[in-house]
Amino acid sequence: MSGQQTKLNFFFFQSTSLRLAALVSSHSLDCLRHSTASTASWTLKGFGNDAGTYCSIAFKVFISFPPKTHLCVLQTSKPVKGSEAHSLGLVDAVVPANELIDAARRWALDVAERKKPWVSSLYKTDKLEPLGEAREILKFARAQARKQAPNLKHPLVCIDVIEEGIVSGPRAGLWKEAEAFDELLHSDTCKSLVHIFFAQRATSKVPGVTNLGLAPRQIRKVAILGGGLMGSGIATALILSNYPVILKEVNDKFLQAGIGRVTANLQSRVKKGKMTEEKFEKTMSLLQGTLDYESFRDVDMVIEAVIENVSLKQQIFADLEKYCPSHCILASNTSTIDLNLIGEKTRSQDRILGAHFFSPAHIMPLLEIVRTQKTSAQVIVDVLDLGKKIKKTPIIVGNCTGFAVNRMFFPYTMAAMLLVECGTDLYKIDRAITKFGMPMGPFRLADLVGFGVAIATAMQYLEHFPDRTYKSMLVPLLQEDKRAGEATRKGFYLYDDKRKANPDPEIKKYVERAREISGVSIDPKSIAGATLMQFTSRACKLTEKDIVEMIFFLWLMRPVGLGEGMLVKASDLDIAAVRGWGSSVQGRNSLLG
């Protein structure tokens with residue numbers, strides 16, 4: 001293989017991976033095809049010096065393998081590495097990078113001299129299942145696509161094109177491919193995905209930081225304070241990328257619980273076949289537990305992930321300044337607290353920043369890097385590099401209330417709370433938002449994140465924006481009854497042993513109590529002369545479309561107030577929404593643009 005782009009009909013390589021992302025056009029599919037199905041693909045170039053990168057706008061390219069093979073790749077948009085591609089038959093050979101050109105020449109000459117067969121794979125059918133079985137596979141794939149992406153058209157189009165090639169032959173499949181591709185190319189979804197593609201690659205370009213010629217310093221060891229849900233998730237993300245990690249807790253019980261969470265995260269990968277037992281043991285060996293700061297003396301970065309308590313965090317950072325080396329980066333995973341306040345009792349404000357991960361931290365792809373006026377450019381460059389190495393998409397945000405994601409998230413949640421107290425069934429809201437395209441509704445998400453974070457965020461909003469915050473007591477009332485979300489098996493939903501969420505009829509009494517405290521009426525006699533609260537209380541009759549528009553209105557308006565120098569560029573907010581919140585990119589352009 002070669003890290004430099006090489007194009008010899010069937011050789012398209014980048015680094016050590018074969019990128020199955022819009023590599024070939026209809027005319028070159030014959031060089032890779034191994035049966036009769038066909039799919040659409042195209043190449044988007046114009047990436048500056050990154051000549052070996054390609055972008056799939058509508059969908060990934062799929063070679064006409066048995067439906068089980070290419071549908072698996074199709075539904076997951078999974079890049080296939082060289083060795084796996086070879087085992088699947090997608091490429092004819094895998095060779096060392098320095099031998100690529102010579103090997104390709106020899107192969108071509110052997111074909112020309114008839115030493116190797118010239119295989120017109122477009123017409124091969126030996127890898128196809130019988131037609132009846134293939135159709136059953138495609139039927140199942142359609143059901144899965146509708147379930148996983150109910151608002152997206154292109155996964156279903158991919159399946160239709162594959163079926164056309166299987167049923168009607170390769171030429172018919174190629175014609176359908178061309179027609180389908182042209183239609184998808186002009187869709188809003190395509191435009192949005194193009195926007196997100198470029199926006200994601202622009203997040204690491206920070207004027208005044210990344211254009212100063214600073215090289216990232218190597219981070220060899222990371223320490224984490226707090227082994228709770230977030231701390232253990234961050235530790236998991238780091239050791240999965242081969243970073244040695246020290247996990248500190250206040251006592252052995254909490255420490256063992258934190259290590260247990262990391263173990264469970266990795267065991268889940270083993271059960272799913274994503275990790276071998278040998279790899280599991282090797283990865284776990286990178287984690288070291290401790291109850292004191294003595295082992296912090298040679299760490300290059302510390303990430304604090306304790307509860308949202310200002311005085312506690314201030315004491316921790318004062319201690320870190322004493323025990324950590326002078327070059328060590330001091331980061332907080334806080335989602336709500338002013339970083340200047342956290343570092344107030346230190347003399348190291350230039351190496352303090354926020355490293356805000358999202359739950360579950362080893363899975364969610366976004367990393368908010370929060371800088372203060374005093375954070376050095378070198379520290380930002382270092383953490384940008386770390387974020388990429390642990391497979392996160394980093395965005396730079398300013399030290400403002402809620403940063404980027406929570407700054408949008410709170411109005412979204414607030415609107416949902418308001419509708420519930422005005423008479424809309426909360427489970428209906430979650431269904432409407434999920435149907436719209438979000439991974440889950442606001443109440444299911446609140447359960448997943450935990451009410452502690454929700455209340456801390458709400459308090460920050462009430463303090464900084466009292467005139468534009470609706471104060472609902474619904475979450476505090478639930479928390480008083482020890483219902484704190486999924487972690488306690490009770491929140492807005494009830495959770496069984498498999499963490500499956502089920503509606504709880506008891507939730508109505510909490511809604512009624514919260515409504516009484518707020519003084520919301522749900523039966524106004526007329527709209528004329530009614531207060532906004534009374535007018536909104538007609539929410540009990542809202543359609544799903546109404547719910548979506550009312551929930552997202554505040555969310556879409558919130559970015560207008562973010563033009564306070566807190567973001568490098570408008571498109572960063574789109575990445576924050578998509579990568580940190582799971583927002584659908586269907587039919588959307590820049591939130592600020």
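Counting from 1, the numbers follow the sequence of the chain as shown. From a predicted model like this one, the values you see are computed outputs, not experimental measurements.
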ask   = Do NZ/NE/NH1/NH2 and the carboxylate oxygens of K545 and E549 come within less than 4.0 Å?
value = yes
ask   = In Å, rounded to the nearest 0.5 Å, how long is the span from CD1 of I369 to NZ of K392?
value = 12.5 Å
query = Closest approach of N399 and T372, non-hydrogen atoms and distance?
reply = ND2-CG2, 4.0 Å
query = In Å, rounded to the nearest 0.5 Å, how long is the span from NZ of K374 to CG of L353?
reply = 14.5 Å
message = How close do V383 and M301 get, counting heavy atoms only, and between which atoms?
response = CG2-CE, 4.1 Å
request  = For residues F296 and Y323, establish whether the separation of their ring centroids is below 6.0 Å.
outcome  = no
message = Can you give me the closest heavy-atom contact between N251 and F254, atom names plus distance?
response = OD1-N, 2.8 Å
Cationic tip of R201 above F197 ring, under 6.0 Å, 45° of axis = yes
inquiry  = I want to check a possible cation-pi pair here: K248 against Y293, using under 6.0 Å from ring centre and within 45° of the ring axis as the test.
reply    = yes
inquiry  = For K313, is there an ion pair with E308 - N to carboxylate O distance below 4.0 angstrom?
reply    = yes
query = Are a donor atom and an acceptor atom from the side chains of D574 and S571 found within less than 3.5 Å of each other?
reply = no
inquiry  = Looking at R347, I want to see if its CZ is surrounded by more than 12 non-hydrogen atoms of other residues, nucleotides or ligands under 6.0 Å.
reply    = no
query = What is the distance from atom CG of D504 to atom CG of L494, rounded to the nearest 0.5 Å?
reply = 3.5 Å
query = Do you know the tightest heavy-atom contact between P439 and T434?
reply = O-CG2, 4.2 Å
Considering only distance and modelled atom types, tabulate donor-acceptor pairs under 3.5 Å from the side chains of residues 441-454, sequence neighbours left out.
unit_1, atom_1, unit_2, atom_2, d
R444, NH1, E486, OE1, 3.1
R444, NH1, Y495, OH, 3.2
R444, NH2, E486, OE1, 3.0
D447, OD1, F492, N, 2.9
D447, OD2, F492, N, 3.1
D447, OD2, Y493, N, 3.0
D447, OD2, Y495, OH, 2.7

For the student: nearest non-hydrogen atoms of F552 and I433, plus distance = CE1-CD1, 3.7 Å
Pairs involving residues 358-369, ordered by first then second residue, that meet side-chain hydrogen bond (donor to acceptor under 3.5 Å, both in side chains) (sequence neighbours left out) = H356-E368
request  = Report the C-alpha separation of S268 and N265 in whole Å, then their side-chain angles, then the decisive distance to 0.1 Å, and conclude whether the side-chain hydrogen bond (donor to acceptor under 3.5 Å, both in side chains) test is met.
outcome  = CA-CA 5 Å; S268 176; N265 290 339; over 6 Å; no
ask   = Has D467 got more than 12 heavy atoms of other residues, nucleotides or ligands less than 6.0 Å from its CG?
value = yes
Check: S348 and F317 side chains under 4.5 Å, non-hydrogen atoms = no
query = Out of V302, L238, I390, I234, which residue meets the side-chain contact (heavy atoms from CB on, under 4.5 Å) rule with V222?
reply = L238
task = Determine, for D300 against R217, whether the closest basic-nitrogen to carboxylate-oxygen distance falls under 4.0 angstrom.
result = no
message = Tell me the closest heavy-atom pair linking Y470 and M414, and the distance in Å.
response = N-SD, 2.9 Å
